[in-house]
Amino acid sequence: MEKKQRIADLAADFIKDHQTIFIDSSSTCMILAKRLMEKTNLTLLTNGIMTASILSEATDFNIYCTCGKVYSRRSSIGGVDACEYISRFSADAAFVSCRGIAADMGVTDFDADASTVKRTYRKYTRKLILLADSTKFGQTFFHRTFDFPEVDIVISDCEFPADIKRRFQQSGTELISPGV
């Protein structure tokens, strides 16, 4: 949890008052949501049930939650209806996580619906910010979510492995980690 907290602390610096934000249902984004309490006048759209609940109980932000299929034990909403709902909006930034990042496969997830929701966020945002702790490095899952050029900023809890760092840098992606 400490890794995710470090990432959320770094990610919160990219959110300014009065912005519109997409935020996924990941545990890292849920921690990020808790860091937004000092911000003002944000408008957020999430597919995370717990994320929406945290924000609605502690802020007066404009909070939107996607419709669609609710996934058991994940507090997540996905599917075609969720993507269609997301497509009605635009955001200054989208904050998403993943299951794996590998130099040969890019950013991957275990679930097709999770990948599709994240790709829909990418389509309707100005800036995609990927939050990935070090356990994701070198991992590959079945569903490809993003290739390296589709990520504008990637934030991690530690230095990036050389091969992954090189791929992101070749794509012009900004790399953020503690001490960098």
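In this chain, numbering begins with 1 at the start of the sequence shown.
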**Item:** Intermediate values then yes/no, side chain to side chain contact (heavy atoms under 4.5 Å, CB included), Ile155 and Phe14
**Value:** CA-CA 11 Å; Ile155 301 174; Phe14 287 89; 3.9 Å; yes
[Y] and [X], any side-chain heavy atoms less than 4.5 Å apart:
X      : Y      : value
Leu175 : Gln169 : yes
Thr66  : Ile86  : yes
Gln5   : Thr28  : no
Phe146 : Arg119 : yes
Val80  : Asp113 : no
Ile21  : Leu45  : no

**Prompt:** Who else is in Phe110's hydrophobic cluster (ILVMFWY, side-chain heavy atoms under 4.5 Å, direct or via others)?
**Reply:**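 So far as hydrophobic clustering goes, Phe110 is joined with Phe141.
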**Request:** Would you mind listing the cluster partners of Ile77? Hydrophobic ones only (ILVMFWY), side-chain contacts under 4.5 Å, chaining allowed.
**Result:**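 Ile49, Val70, all in the cluster of Ile77.
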**Prompt:** For Lys165, what residues pass the side-chain hydrogen bond (donor to acceptor under 3.5 Å, both in side chains) criterion, not counting sequence neighbours?
**Reply:**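 Once residues adjacent in sequence are excluded, the partners of Lys165 under the side-chain hydrogen bond (donor to acceptor under 3.5 Å, both in side chains) criterion are Glu159.
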Find the distance between [atom1] ([X]) and [atom2] ([Y]) and round it off to the nearest 0.5 Å.
X      : Y      : atom1 : atom2 : result
Cys98  : Leu131 : SG    : CG    : 9.0 Å
Ser72  : Lys69  : OG    : NZ    : 6.5 Å
Arg167 : Asp104 : CZ    : CG    : 8.0 Å
Cys67  : Asn47  : SG    : CG    : 11.0 Å
Thr40  : Gln19  : OG1   : CD    : 11.0 Å

**Item:** Basic-acidic side-chain contact under 4.0 Å: Lys118, Asp109
**Value:**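 Yes.
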**Message:** Taking the basic N atoms (NZ, or NE/NH1/NH2) and the acidic carboxylate oxygens, is any pair closer than 4.0 Å for Asp152 and Arg122?
**Reply:**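 Result for this pair is yes, salt bridge flagged.
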For [X], check side chain to side chain contact (heavy atoms under 4.5 Å, CB included) against everything at least two apart and list the hits.
X      : result
Glu57  : Ser53
Asp163 : Ala103, Pro161, Arg166
Ser27  : Lys4
Arg88  : Glu84, Tyr85

Keeping the roles fixed (side chain from [X], backbone from [Y]), state whether a donor-acceptor pair exists under 3.5 Å.
X      : Y      : answer
Asp147 : Pro149 : no
Asp24  : Ser97  : yes
Arg144 : Met105 : yes
Ser156 : Ala132 : yes
Ser171 : Thr173 : no
Ser177 : Asp157 : no

**Asked** Who pairs with Arg99 by salt bridge (charged side-chain N to carboxylate O under 4.0 Å, His left out), at least two apart in sequence or on another chain?
**Response**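 Partners of Arg99 by the salt bridge (charged side-chain N to carboxylate O under 4.0 Å, His left out) criterion come out as none, since no residue qualifies.
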**Message:** Could you check whether Lys3 and Ser134, counting side-chain N and O atoms only, form a donor-acceptor pair closer than 3.5 Å?
**Reply:**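 Yes, Lys3 and Ser134 have a side-chain donor paired with an acceptor closer than 3.5 Å.
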**Item:** Inter- and intrachain pairs under ring-ring contact (aromatic ring centres under 6.0 Å, His included), touching residues 40-79, at least two apart
**Value:**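 Matches after skipping sequence neighbours: Tyr64-Phe89.
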Smallest separation among heavy atoms of [X] and [Y], with atom names:
X     : Y      : value
Ile63 : Ser56  : CD1-N, 3.4 Å
Cys65 : Gly48  : SG-O, 4.4 Å
Thr59 : Leu55  : OG1-O, 2.7 Å
Ser87 : Thr120 : N-CG2, 4.5 Å

**Prompt:** Would you find more than 12 non-hydrogen atoms of other residues, nucleotides or ligands less than 6.0 Å from Glu2 atom CD?
**Reply:**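 No, because the 6.0 Å sphere around CD of Glu2 holds 12 heavy atoms or fewer from other groups.
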**Message:** By the definition side chain to side chain donor-acceptor pair (under 3.5 Å), identify the one residue from Thr125, Thr43, Asp92 that meets it with Thr20.
**Reply:**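 Running side chain to side chain donor-acceptor pair (under 3.5 Å) over Thr125, Thr43, Asp92 with Thr20 returns exactly one hit, Asp92.
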**Prompt:** Checking side chain to side chain contact (heavy atoms under 4.5 Å, CB included) for the pair Phe142/Thr108: CA distance, chi angles, key distance, verdict?
**Reply:** CA-CA 7 Å; Phe142 188 64; Thr108 58; over 6 Å; no
**Message:** Under the rule for ring-ring contact (aromatic ring centres under 6.0 Å, His included), what residues qualify as partners of Phe22, not counting sequence neighbours?
**Reply:**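 Here the qualifying residues are Tyr121.
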**Prompt:** Looking at residues at least two apart in the chain, or sitting in another chain, which of them share a ring-ring contact (aromatic ring centres under 6.0 Å, His included) with Phe160?
**Reply:**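 If we apply the ring-ring contact (aromatic ring centres under 6.0 Å, His included) test to Phe160, skipping adjacent residues, the hits are Phe137.
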**Asked** Shared ILVMFWY cluster between Ile7 and Ile54, side chains joined below 4.5 angstrom?
**Response**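 Cluster IDs for Ile7 and Ile54 differ.
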**hydrophobic_cluster_shared for Tyr124 and Val117, side chain cutoff 4.5 Å** =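 Same cluster.
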**Request:** Quick one: do Lys127 and Ile153 satisfy side chain to side chain contact (heavy atoms under 4.5 Å, CB included)? Show the steps, please.
**Result:** CA-CA 8 Å; Lys127 189 172 290 188; Ile153 299 169; 3.6 Å; yes
**Request:** In sequence, state the C-alpha distance, the side-chain angles, and the governing distance for Leu44 and Asn62, and then conclude on side chain to side chain contact (heavy atoms under 4.5 Å, CB included).
**Result:** CA-CA 6 Å; Leu44 296 106; Asn62 295 307; over 6 Å; no
Can you give me every donor-acceptor pair (side chain of residues 29-39, partner residue at least two apart or in another chain, under 3.5 Å) with its distance?
from  : atom 1 : to    : atom 2 : distance (Å)
Arg35 : NE     : Asp9  : OD1    : 2.6
Lys39 : NZ     : Ala12 : O      : 3.3
Lys39 : NZ     : Ile15 : O      : 2.7

